[in-house]
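Dropping a structure here in structure tokens format, bear with me for questions.
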Amino acid sequence: MLKYTDISAPLDYDEKWLINYIAEKLKIKATEIKDLTLLKKSVDARKKSDIRFVLTVGFEIADSKSAKAVIRQNKKLSYYTPQKYMSPKAGMLTQRPVVVGFGPAGMFAALYLAQCGVKPIVLERGDDADTRLEKVRLFHTKGILDEECNVQFGEGGAGTFSDGKLNTGVNSPLSFTVFSELVRHGAPSEIMYNAKPHIGTDKLCETVKNIRKEIISLGGEVIFGARFCNFTLKDGKICSAAFIKDNTEHIIDTDRIILACGHSARDVFYLMRNNGVALEAKNFSVGMRIEHTQEELNRSMYGDFYNHPKLGAADYKLAVHLPDGRGVYSFCMCPGGTVVASSSEKETIVTNGMSNFARDGKNANSALLVSVTPADFDGAEITAGIDFQRKIEHAAYIAAGANYSAPATLVGDFLDRKQSTSFGSIKPTYAPNTAFVRPEEYLPEFACDALRYAIPCFGKKISCFNNRDAVLTGPETRSSSPIRIVRGDNLQSISAAGLYPCGEGAGYAGGIVTAAIDGIKCAMAVMGR
């Protein structure tokens, strides 16, 4: 098969246009082009008067001699071998492995192990997706928080209640495996070629349920409402895992635990510390979520093409470095989405962003985050980063009325250091409610100063950031784990053989795809591969 890269196509292109384009460029007949396949698709919005798609396609030429000739004549053409999905080979273990957590890392680790035939046991402290949806709804509508099952905990992990973004800067052959498995279990096939693929919360919920069903069909076990609470070592090696379900402690004999607990399982970090497992503090970020109307963002990004049906909802990615070296950046940008109440502990406020697959909500939102280093923490304890997060989350809860309303302010008032009193053209999407609070009442001063520096900088790049009616809702504190569970080159904890720290919570991933890849890598290590 041949691959043709960097094709600039009009927004209304179709397969006939593509075939004719390639035939003309290669000086061959259109009828010679066979099996045309879209490999990559992105938007080129540099010229607002002429927005186009940039495509990479694969195809065959009927005459193999013609193929050799055209490759020599065109630098954008090369030979291409399509990747094929292959499930892992069967293997054997002396004991069933345990996977802690059923977010992207734990889910893909368990799927790989189940496909190997070793019948993993998954411990997930939250509930299945359907039960979880109802508990999240209760929190968002009535402020009733379940600390064990919420936006952070439950089937699919924190990524389920997001935009389901799958873009990653990691170049790994396992990316194809992750995308293939997602499509195989119900995700839209377009994620295989879109440059910025996403699934959306609505489709992701069904996808993770299908992955769970395959794990169980292959002999694996997924136990919901099971909070990992301990492990034991013999001669420095894992020999059991313990969990609590329905107020009863259960013990599993195992010599391999993949610890994919997620970045909000703070009790697990304390458990690791108390059991002498090597930990280290790491950088993370805090900030607020900003909301514009999606129409305003589309106009800013696409100009006169803002409502073109082929473009869909616009997104963005922004970053700036302050003179003192601290960074501010957008994170988890959710086109056509909502700002989501994401607390996992009582008397705290935590925000996140979420979109459904259609991205058809009125507002666009994104986190605006300020980098935090261990030098910003109070105290030298390894868990000082958790204390730093908790202090912000509780202060936000108190400042906004102690009723799970989130503190909000308008961008213009924030820049002018004023208290907001009413919303303008943009209304917040956070539920249960919002209250006007100056961010200084819960965020550290350095974070507020950094955001005041960054927002006007972003306004020079995207015009809607100059809208003083844009809404800031906070705080966003859970973008990544404040702790890394140290592991060696064999992916095992340097303190406990057979313990595999994995994914975002352990400090080794930064999104759905990288977490899933890390889950597969840890599962391969468990299998000795």
Side-chain angles (χ1 to χ4, degrees), residues 11 38-43 45 53 102-104 107-108 128-134 136-137 140 151 154-168 175-176 178-214 289 291-295 297-298 301-302 306-317 330-342 351-367 429-431 511-516:
L11 297 183
L38 186 56
L39 301 178
K40 189 174 181 181
K41 179 181 178 181
S42 60
V43 176
F53 288 123
F102 204 51
M107 184 179 304
F108 276 82
D128 64 273
D130 292 332
T131 305
R132 185 184 185 198
L133 281 168
E134 177 58 22
V136 168
R137 187 192 67 78
H140 291 173
V151 168
E155 185 170 27
T160 301
F161 289 90
S162 68
D163 184 52
K165 279 175 289 296
L166 303 176
N167 33 317
T168 175
S175 293
F176 178 79
V178 171
F179 281 74
S180 297
E181 292 289 12
L182 288 169
V183 170
R184 209 166 64 82
H185 290 91
S189 60
E190 65 192 55
I191 67 172
M192 299 300 294
Y193 59 77
N194 276 339
K196 295 181 178 180
H198 78 284
I199 300 178
T201 289
D202 50 345
K203 293 186 181 294
L204 199 52
C205 283
E206 294 304 313
T207 302
V208 301
K209 284 157 61 176
N210 290 335
I211 292 175
R212 182 232 306 168
K213 290 173 184 176
E214 179 173 347
R289 296 200 77 88
E291 289 190 88
H292 304 92
T293 67
Q294 187 62 51
E295 181 177 336
L297 176 60
N298 289 351
M301 300 299 291
Y302 296 148
Y306 80 95
N307 62 351
H308 196 289
K310 293 292 182 68
L311 283 172
D315 64 2
Y316 58 80
K317 185 176 182 180
S330 63
F331 176 79
C332 187
M333 197 273 140
C334 297
T338 58
V339 177
V340 181
S342 305
T351 62
N352 194 11
M354 186 185 86
S355 301
N356 286 330
F357 177 71
R359 290 177 164 177
D360 55 0
K362 183 176 178 61
N363 286 3
N365 75 82
S366 175
T429 56
Y430 177 97
I512 291 174
V513 175
T514 52

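The shown structure was predicted, so the numbers you read here are calculated from the model rather than taken from an experiment. All values below come from the heavy atoms of this structure, side chains included, with hydrogens, waters and symmetry mates left out.
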Report the residues that fulfil side chain to side chain donor-acceptor pair (under 3.5 Å) with Ser42, sequence neighbours left out, ordered by chain and then residue number.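 Counting only residues at least two positions away or on another chain, Ser42 forms no side chain to side chain donor-acceptor pair (under 3.5 Å).
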Not counting sequence neighbours, which residues clear ring-ring contact (aromatic ring centres under 6.0 Å, His included) with Tyr316? List them please.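 Partners of Tyr316 by the ring-ring contact (aromatic ring centres under 6.0 Å, His included) criterion, ordered by chain and then number, come out as Phe465.
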Name all residues meeting the salt bridge (charged side-chain N to carboxylate O under 4.0 Å, His left out) criterion together with Asp163; count only those two or more places apart in sequence or in a different chain, and write none if there are none.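 Counting only residues at least two positions away or on another chain, Asp163 forms a salt bridge (charged side-chain N to carboxylate O under 4.0 Å, His left out) with Lys165, Arg359.
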Rounded distance (nearest 0.5 Å) linking atom CD1 of Ile211 with atom CZ of Phe102: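 The CD1 atom of Ile211 sits 7.0 Å away from the CZ atom of Phe102.
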Do Tyr306 and Met301 pass the side-chain contact (heavy atoms from CB on, under 4.5 Å) test, and can you show the C-alpha distance, the side-chain angles, and the key distance before you say yes or no? CA-CA 7 Å; Tyr306 80 95; Met301 300 299 291; over 6 Å; no
CA sep, side-chain torsions, deciding dist, call: Asp128, Arg212, side-chain contact (heavy atoms from CB on, under 4.5 Å): CA-CA 10 Å; Asp128 64 273; Arg212 182 232 306 168; 3.7 Å; yes
Evaluate side-chain contact (heavy atoms from CB on, under 4.5 Å) for Lys317 paired with Phe331, printing each intermediate quantity in order. CA-CA 7 Å; Lys317 185 176 182 180; Phe331 176 79; over 6 Å; no
ring-ring contact (aromatic ring centres under 6.0 Å, His included) involving Tyr193 - partner list, sequence neighbours excluded: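 So Tyr193 forms no ring-ring contact (aromatic ring centres under 6.0 Å, His included) with any residue.
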Got a donor-acceptor contact below 3.5 angstrom from the Asn352 side chain to the Val340 backbone?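 No, because the side chain of Asn352 does not come within donor-acceptor range (under 3.5 Å) of the backbone of Val340.
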Name of the residue among His292, Gln294, Glu291, Arg289 meeting side chain to side chain donor-acceptor pair (under 3.5 Å) with Asn365: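 The passing option is Arg289.
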With Tyr302, which residues qualify under side chain to side chain donor-acceptor pair (under 3.5 Å), at least two apart?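 Partners of Tyr302 by the side chain to side chain donor-acceptor pair (under 3.5 Å) criterion come out as none, since no residue qualifies.
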Counting N and O atoms only, with roles assigned by atom type, does the side chain of Thr201 sit under 3.5 Å from a partner on the main chain of Ser162, one being a donor and the other an acceptor?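 A pair under 3.5 Å: yes.
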CG-CD1 distance between Leu204 and Ile199, expressed to the nearest 0.5 angstrom: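 Reported value, rounded in 0.5 Å steps: 5.0 Å.
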For the pair Lys196 and Asp315, find out whether any cationic side-chain nitrogen is under 4.0 Å from an anionic carboxylate oxygen.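 Answer for the salt bridge query: yes.
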Between atom OG of Ser342 and atom CE of Met354, what is the distance when rounded to the nearest 0.5 Å?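 Ser342 atom OG to Met354 atom CE measures 9.5 Å (nearest 0.5 Å).
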Can you name the closest pair of heavy atoms from Val513 and Ser175 and give their distance?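 Distance-wise, the nearest heavy atoms are CG1-OG, 4.3 Å.
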Sequence neighbours left out, what passes salt bridge (charged side-chain N to carboxylate O under 4.0 Å, His left out) with Arg184? Give chain and number order.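 With sequence neighbours excluded, Arg184 shows a salt bridge (charged side-chain N to carboxylate O under 4.0 Å, His left out) to Glu181, Glu214, given in chain and number order.
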Taking every non-hydrogen atom, the tightest pair across Ile191 and Leu166: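 For Ile191 versus Leu166, the nearest heavy atoms are CD1-CD1, 3.8 Å.
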For residues Val151 and Phe161, report the shortest heavy-atom separation together with the two atoms involved.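 So the minimum-distance heavy-atom pair works out to CG1-CB, 3.7 Å.
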Which heavy atom in His198 sits nearest to a heavy atom in Phe357, and how many Å separate them?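 Closest heavy-atom pair between His198 and Phe357: NE2-O, 3.0 Å.
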Hey, is NZ on Lys40 packed in by over 12 heavy atoms from elsewhere, all under 6.0 Å?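 No, not enclosed.
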Gly353 to Cys334 - nearest heavy-atom pair and separation: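 Nearest heavy atoms, Gly353 then Cys334: C-SG, 3.3 Å.
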Reported CE-to-CD distance for the pair Met107 and Glu155, which is rounded to 0.5 angstrom: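 It is 6.0 Å, given to the nearest 0.5 Å.
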Got Phe108 and Ile512 here, is their nearest side-chain heavy-atom distance under 4.5 Å?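 A side-chain contact is absent here, since even the closest heavy-atom pair is not under 4.5 Å.
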Does a side-chain N-to-carboxylate-O contact under 4.0 Å join Glu206 and Lys203?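 So Glu206 does not pair with Lys203 through a salt bridge.
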With distance as the sole test, does Ser366 use its side chain to make a donor-acceptor pair with the main-chain N or O of Ser330 at under 3.5 Å?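 No; zero donor-acceptor contacts below 3.5 Å.
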Please assess His140 against Tyr430 for the test side-chain contact (heavy atoms from CB on, under 4.5 Å), listing each intermediate value before the final yes or no. CA-CA 8 Å; His140 291 173; Tyr430 177 97; over 6 Å; no
Look up atom CG in Leu38 and atom CG in Asn194, then write down how far apart they are to the nearest 0.5 Å.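 Spacing of CG (Leu38) from CG (Asn194) equals 8.0 Å.
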Looking at every non-hydrogen atom in both residues, tell me the closest pair between Thr429 and Asn363 and how far apart they are.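 Heavy atoms of Thr429 and Asn363 come nearest at CG2-ND2, 3.7 Å.
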If you measure only the distance, is there a donor-acceptor pair under 3.5 Å linking the side chains of Thr207 and Asn210?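 Distance-only check fails for Thr207 and Asn210.
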What distance separates Ser355 OG from Asp202 CG, expressed to the nearest 0.5 Å?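 Rounded to the nearest 0.5 Å, the OG-CG separation comes to 9.5 Å.
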